[in-house]
Each structure stands twice: as C-alpha cells, then as structure tokens.
Amino acid sequence: MATEEKPTSTETASNETTITQILDVVARAAPEIRAGLPGRRIYAEQNNPSGETPMEADIYADEMLCERLGDLDGVGEYASEERQEVIDTGSGLSVCVDPLDGSSNLKPNNTLGTILAVYDAPLPAAGSDMVAAAYVLYGATTTMITAYDDTVTEYVVQDDGEYEAVREDVTLPEDPSVYGFGGRVPEWIDSFTEYVREVESDPSMKLRYGGSMIGDVNQVLTYGGIFAYPTLTDHPEGKLRVQFEGYPVGYILETASGRSSDGEQSLMDVEKDGLHARTPVYVGNEELVERLEAALDD
Ligand code: F6P
C-alpha cells in the first residue's frame with residue numbers, strides 16, 4: 001500500500017466515486033478469492049482478535065482485500081475480523097471486511113461469503129455512518145449483493161471478474177417461507193425458544209440453515225423469512241460482530257424493505273463499541289422480526 005503517495009483529504013475522490021471503486025474491487029477480487037480456496041482449507045498458525053483460529057483462506061482473502069482496498073485514494077481506514085487494529089490507509093471512507101464469513105464451511109465445502117461495510121467515519125463507526133454495504137456469496141455461482149443509494153442489487157460475478165446485475169431493487173418476498181437460527185439450542189433463552197416453536201408450527205415455513213451467516217441471510221433475502229444468531233444464556237451478546245456483520249446485514253435487509261434487530265432495536269441503532277464488539281442478530285421480514293421483539297419483551 002503506497003499511503004505516502006495518496007492525495008490529501010481535499011484532493012480525495014468524491015465518496016460516490018470511491019464507493020463504486022470499492023464495490024468494483026470486491027467484485028473483481030471475488031473470483032481470485034474463490035480460486036485460492038482449494039489449497040487453503042487448513043488452519044492458520046495464529047488466532048484472530050475474537051480468539052478463533054482462522055483458516056489460511058481467511059488470511060489470504062484479508063491480505064488481498066487490505067492491499068487492494070487500501071490502495072484506493074478515497075479509502076482512509078481498513079479493518080477486518082482477522083486484524084486487531086485498524087489500518088490507516090490515508091484519508092477518506094472507512095471499510096470493514098469479514099474476508100471469509102463462515103470459513104468453518106470450507107472443510108465440508110458449503111457456502112461462504114465476503115462481507116463489506118463502508119462507513120463515512122473513523123472506526124469503530126456507528127450504524128448511522130454507514131454509506132454502503134455488500135456481500136459476495138461463493139455458492140454454486142459467485143454472486144454479489146450490494147446496498148447502496150437506497151437500493152439493493154444482485155450481480156452475478158464471472159470467473160474473469162466481470163459482473164452483471166441480474167436483479168435490481170431487490171426486496172424481501174412478502175410471503176416468507178424460510179428460517180435459520182444459530183447457536184446451540186440448549187443455550188437459547190426460553191422466550192426465543194417459544195418464538196422458534198411458533199415459527200416452526202406455521203406450515204408455510206421450513207428450516208434452512210447452513211452455518212455461514214451470509215449464506216443463511218441470502219436465503220431469507222431470496223425466499224423471505226427470518227435469520228437469527230440470538231442471545232445465548234452464556235453469551236448474551238451472541239456471536240456476530242457489530243462492525244463486520246451486524247451493521248452491514250442490518251443495512252442490506254432494511255434497504256430491501258425488511259427489518260433488523262438486536263432484540264430491542266434496529267441493528268443500525270446498536271451502540272458502537274470496540275472494533276470487535278458482538279451483538280445478537282435478528283433479520284428478516286418486518287412482521288416476523290416485530291413478533292420476535294414482542295416475544296423477547298414478554
Ligand atoms: O461469524 C462467523 C460464523 O461462521 C457465521 O457466518 C455463522 O453464522 C456463525 O459463525 C456460525 O457459528 P457456530 O457454528 O459456531 O454457531
């Protein structure tokens with residue numbers, strides 16, 4: 001990263017141009033990240049800031065995105081789930097990346113993703129500072145969902161990095177049909193368990209859970225429904241990270257006319273805390289998330 005060669009803040013490109021460039025970098029990196037996975041399905045010899053042991057693929061994707069996003073003139077800070085500290089890359093927008101969400105799915109060869117959050121503020125930022133969010137899904141095909149300028153778009157990304165919009169103005173289907181809830185069931189709190197039993201008793205709803213948040217959220221965005229990584233009896237803050245997962249997923253689902261919640265309020269209103277702070281995450285169709293909040297309140 002050539003930070004010393006970057007222009008000063010008054011010379012930086014406009015935010016709009018920078019956001020387009022950021023999304024372009026992520027889309028074009030996606031086939032390379034995907035192509036790098038086969039040889040990197042082993043654990044790295046280090047822990048990440050959350051105390052988890054990443055796969056070599058996590059490190060590979062993080063280094064690639066840090067270098068390429070950090071090289072953009074309009075990007076001033078880079079942070080990722082794999083790094084303790086924020087990297088100063090000049091002046092401009094801040095990017096937070098989960099380079100490989102759901103990397104425990106590498107071994108069983110299930111869906112993985114890359115999550116991106118763009119903030120117009122230094123990190124850690126507040127939900128209200130978010131100006132764009134996106135995720136790439138490495139499924140049977142590589143797709144990218146972006147939320148920017150009040151609209152959600154789905155792209156298909158080709159092996160050469162070219163990408164094309166396949167769905168514009170994406171919104172959650174009105175008739176929800178899927179649910180996916182993470183965490184060990186014995187560690188769910190009673191009010192959440194009761195809510196889940198109620199959802200399960202609806203004959204139009206079926207379980208779809210794959211173990212990578214972004215894959216599970218994308219099913220909800222596609223078919224309508226609800227995803228949760230809830231508060232747990234021994235971890236009230238749940239598992240997912242505010243800056244890297246909670247805010248961007250909340251932003252995308254709310255832009256797609258859904259609702260997001262930490263159990264009491266929109267994920268976008270969750271207090272910003274440390275860079276690696278966690279939050280319970282509940283996202284999906286408005287009515288399902290509202291019912292959930294009421295159930296947790298009882
Ligand atoms: O935060 C990483 C992640 O892999 C999420 O994508 C997923 O929802 C969650 O962890 C699954 O964790 P566990 O299998 O430990 O419940």
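Owing to the predicted nature of the structure, the values given are computational and were not obtained by experimental measurement. All residue numbers refer to positions in the sequence shown, counting from 1. In listed order, ligands and their atoms are each counted from 1.
- A salt bridge does not link R197 with E194: every distance from a Lys NZ or Arg NE/NH1/NH2 to an Asp or Glu carboxylate oxygen is 4.0 Å or more.
- Remark: R83 pairs with D62 by the salt bridge (Lys or Arg N to Asp or Glu O under 4.0 Å) rule, at least two apart or across chains.
- Below 30°, between 30° and 60°, or above 60°: for F227 and Y209 the angle between ring planes is below 30°, a parallel geometry.
- Alongside I59, the hydrophobic cluster contains no other residue (criterion: ILVMFWY side chains under 4.5 Å).
- By the salt bridge (Lys or Arg N to Asp or Glu O under 4.0 Å) test, R28 is found to be paired with D24, E162, residues two or more places apart in sequence or in another chain being considered.
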Ligand 1: which protein N/O atoms lie under 3.5 Å from its N/O atoms?
residue  : atom   : partner : partner atom : Å
ligand 1 : 1 (O)  : R241    : NH1          : 3.4
ligand 1 : 1 (O)  : E245    : OE2          : 2.9
ligand 1 : 6 (O)  : D101    : OD1          : 2.8
ligand 1 : 6 (O)  : D101    : OD2          : 3.2
ligand 1 : 6 (O)  : M213    : N            : 2.7
ligand 1 : 8 (O)  : M213    : N            : 3.3
ligand 1 : 10 (O) : K239    : NZ           : 3.0
ligand 1 : 12 (O) : K239    : NZ           : 2.9
ligand 1 : 15 (O) : K239    : NZ           : 3.0
ligand 1 : 16 (O) : Y229    : OH           : 2.7

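- Ring geometry, Y155 versus Y163: the interplanar angle exceeds 60°, so the pair is classed perpendicular (tilted spans 30 to 60°).
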